[in-house]
Amino acid sequence: MSFSVTTWNINSVRLRLPIVEQFIVREKPDILCLQEIKCRAEEFPLEPLQKMGYEHIILHGQKGYHGVAILSKVPLTEDHRQDYCGVGDARHISAIFERGSRRIRIHNFYVPAGGDEPDRSVNPKFGHKLDFVEEMKALKASTPGVSSILVGDLNIAPLEHDVWSHKQMLKIVSHTPVETEGLTDVMEKGGWLDLMRQHVPASEKLYTWWSYRAKDWEAADRGRRLDHIWSSPDLGPFLEKIEVLKEARGWNRPSDHVPVTATFRF
DNA sequence: ATGGTGGCATCGCCA
């Protein structure tokens with residue numbers, strides 16, 4: 001039995017509905033996790049997406065900012081929406097579904113970007129990001145009888161080859177040591193597997209995001225791996241492939257992030 | 001060389 005899950009920071013689901021539809025027609029993942037939907041729950045384009053086969057949709061929305069959604073072809077029950085840092089942001093939602101004989105919990109995250117200055121004493125947004133990551137360290141991949149998948153825009157590129165220049169990025173928010181070590185701690189304390197790096201060696205460049213500010217994003221290729229797919233160790237052996245759909249960065253009115261899909265064969 | 005672009009709560013803030 002095959003099963004696929006996609007994560008995609010869509011940067012406004014209402015504005016980008018045409019490319020979400022384009023992606024669905026092409027890839028048809030079983031579950032599609034979106035971040036930065038940038039709308040309230042009642043503004044989410046439920047009907048067109050349900051008509052395309054995603055009958056089960058749960059979402060944590062917010063007016064204008066953040067917001068995460070899980071769209072599924074298979075029945076899904078909402079598990080939890082954690083208010084990280086207690087600030088009322090819509091940055092997490094989790095759900096449970098069944099696939100064959102397995103029960104799987106899926107977490108969808110949008111971690112704060114953290115602003116420009118990597119110093120919490122002058123930039124509270126950086127402090128918020130570090131506190132958010134600290135709180136994620138409590139999240140366990142393995143709970144009795146339930147496997148886990150964690151996806152989302154984690155806004156941290158943890159490895160050297162997750163950025164175009166490790167040396168030039170060390171003081172840039174998303175790749176500072178305090179962030180990359182923090183995210184590594186979240187993975188190690190929680191017992192999570194980095195599925196993208198299980199499939200693509202750590203020595204190879206791997207990006208999921210290219211800035212809007214480059215004159216020619218493709219020629220410059222100054223990308224970062226900010227989007228991630230993790231799982232509990234029991235699912236690792238069943239990973240069949242990882243696809244980073246780089247061409248979506250060149251679609252009409254693109255998001256600055258591209259979809260990443262993990263396919264399992266159980 | 002310290003901007004550049006894009007979205008929305010739109011003329012400021014966030015990414």
Side-chain angles (χ1 to χ4, degrees), chain A residues 7-23 33-45 59-69 83-85 87-92 108-120 122-133 136 151-158 162-165 167-176 178-180 182-183 207-228 246-260:
Chain A
T7 181
W8 195 8
N9 177 320
I10 199 60
N11 187 16
S12 171
V13 69
R14 290 175 294 176
L15 196 71
R16 289 215 222 274
L17 186 59
I19 63 167
V20 173
E21 291 173 337
Q22 184 177 345
F23 176 75
C33 294
L34 300 175
Q35 302 88 35
E36 280 206 274
I37 61 173
K38 292 189 170 176
C39 65
R40 301 180 188 92
E42 60 269 30
E43 295 163 335
F44 189 90
L59 58 123
H60 189 181
Q62 183 175 336
K63 185 177 181 179
Y65 293 102
H66 323 312
V68 288
D83 180 8
Y84 283 82
C85 303
V87 292
D89 285 352
R91 294 183 181 273
H92 169 263
N108 184 10
F109 274 98
Y110 175 51
V111 172
D116 287 334
E117 188 63 46
D119 176 353
R120 70 185 306 154
V122 296
N123 173 18
K125 287 187 280 194
F126 193 68
H128 178 210
K129 182 179 197 174
L130 297 182
D131 293 343
F132 193 105
V133 169
M136 286 177 76
V151 308
D153 175 6
L154 306 184
N155 265 315
I156 297 173
D162 291 340
V163 293
W164 65 278
S165 167
K167 195 177 166 197
Q168 286 178 256
M169 289 286 299
L170 278 168
K171 291 181 175 170
I172 304 296
V173 172
S174 74
H175 195 64
T176 64
V178 65
E179 294 170 87
T180 60
L183 197 67
Y207 312 140
T208 64
W209 173 92
W210 290 262
S211 172
Y212 283 127
R213 295 177 191 178
K215 274 200 190 82
D216 182 339
W217 69 273
E218 199 167 19
D221 201 24
R222 294 185 168 191
R224 304 179 197 173
R225 183 169 72 111
L226 302 180
D227 303 277
H228 298 268
K246 184 175 179 182
E247 72 162 74
R249 183 62 181 78
W251 288 354
N252 191 38
R253 309 248 4 226
S255 168
D256 45 357
H257 297 252
V258 299
V260 182

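So you know, we letter chains A, B, ... as the sequences are listed, proteins then strands, and number each from 1.
- Taking 4.0 angstrom as the limit, K125(A) places a side-chain polar atom (N or O) nearer than this to OP1 or OP2 of dC14(B).
- Side-chain contact of N9(A) with E36(A): a donor-acceptor pair under 3.5 Å is present, judged by distance alone.
- Among residues two or more places apart in sequence or in another chain, the side-chain hydrogen bond (donor to acceptor under 3.5 Å, both in side chains) test is passed with D131(A) by R120(A).
- Rounded to an integer number of Å, the gap from L15(A) CG to dA15(B) P is 18 Å.
- Here the P atom of nucleotide dA15(B) and the CG atom of D153(A) are 11 Å apart, to the nearest Å.
- We find that NE2 of H66(A) is positioned 9 Å from P of dC14(B), with the value rounded to whole Å.
- Atom C1' of dA15(B) sits at a distance of 16 Å from the matching atom of dG3(B), rounded to the whole Å.
- Closest-nucleotide positions on DNA chain B for K63(A) and A214(A) were compared, and the one nearer the 5' end corresponds to A214(A).
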Nucleotide N/O of nucleotides 10-12 of chain B paired with protein N/O under 3.5 Å:
none

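- Distance, D116(A) CG to dC13(B) C1': 12 Å, rounded to whole Å.
- The side chain of Y212(A) sits closest to dG6(B) out of dG7(B), dG6(B), dA15(B).
- Here S12(A) reaches the OP1 or OP2 of dC8(B): one of its side-chain N or O atoms lies under 4.0 Å away.
- In this structure, the side-chain contact (heavy atoms from CB on, under 4.5 Å) partners of L17(A), at least two apart in sequence or on a different chain, are E21(A), P45(A), P48(A), L49(A).
- Residue W217(A) contributes atom CH2, which lies 14 Å from atom P of dG6(B) at whole-angstrom precision.
- Annotation: side-chain contact (heavy atoms from CB on, under 4.5 Å) contacts of P18(A) (sequence neighbours excluded): none.
- Side-chain nitrogen and oxygen atoms of R91(A) include at least one within less than 4.0 Å of the OP1 or OP2 phosphate oxygen of dA15(B).
- Residues passing the side-chain contact (heavy atoms from CB on, under 4.5 Å) test with E218(A) are D216(A), sequence neighbours excluded.
- The list of salt bridge (charged side-chain N to carboxylate O under 4.0 Å, His left out) pairs with a residue in residues 250-259 of chain A, not counting sequence neighbours, is empty.
- Residues passing the side-chain contact (heavy atoms from CB on, under 4.5 Å) test with T176(A) are P118(A), F126(A), V178(A), E179(A), sequence neighbours excluded.
- The aromatic rings of W251(A) and W8(A) sit perpendicular to each other, their planes meeting at more than 60°, with 30° as the lower class boundary.
- As a whole-Å value, the separation of F126(A) CZ from dA15(B) P is 13 Å.
- Between dT10(B) and dT5(B), the two C1' atoms lie 15 Å apart (nearest whole Å).
- Remark: the separation of the C1' atoms in dC14(B) and dG4(B) is 16 Å, to the nearest Å.
- With sequence neighbours excluded, no residue forms a salt bridge (Lys or Arg N to Asp or Glu O under 4.0 Å) with D153(A).
- Counting only heavy atoms from C-beta outward, the side chains of K125(A) and P112(A) never approach each other to under 4.5 Å.
- Between the C1' atom of dA15(B) and the CD atom of Q35(A) lies a distance of 14 Å, rounded to the nearest Å.
- For the P atoms, the distance from dA1(B) to dC11(B) is 34 Å, rounded to whole Å.
- An OP1 or OP2 oxygen of dG6(B) is reached within less than 4.0 angstrom by no side-chain nitrogen or oxygen of R16(A).
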Below 3.5 Å is the cut-off: list the nitrogen or oxygen pairs between protein and nucleotides 1-3 of chain B, distance only.
none

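- Between the CD1 atom of I10(A) and the C1' atom of dA15(B) there is a distance of 15 Å, given to the nearest Å.
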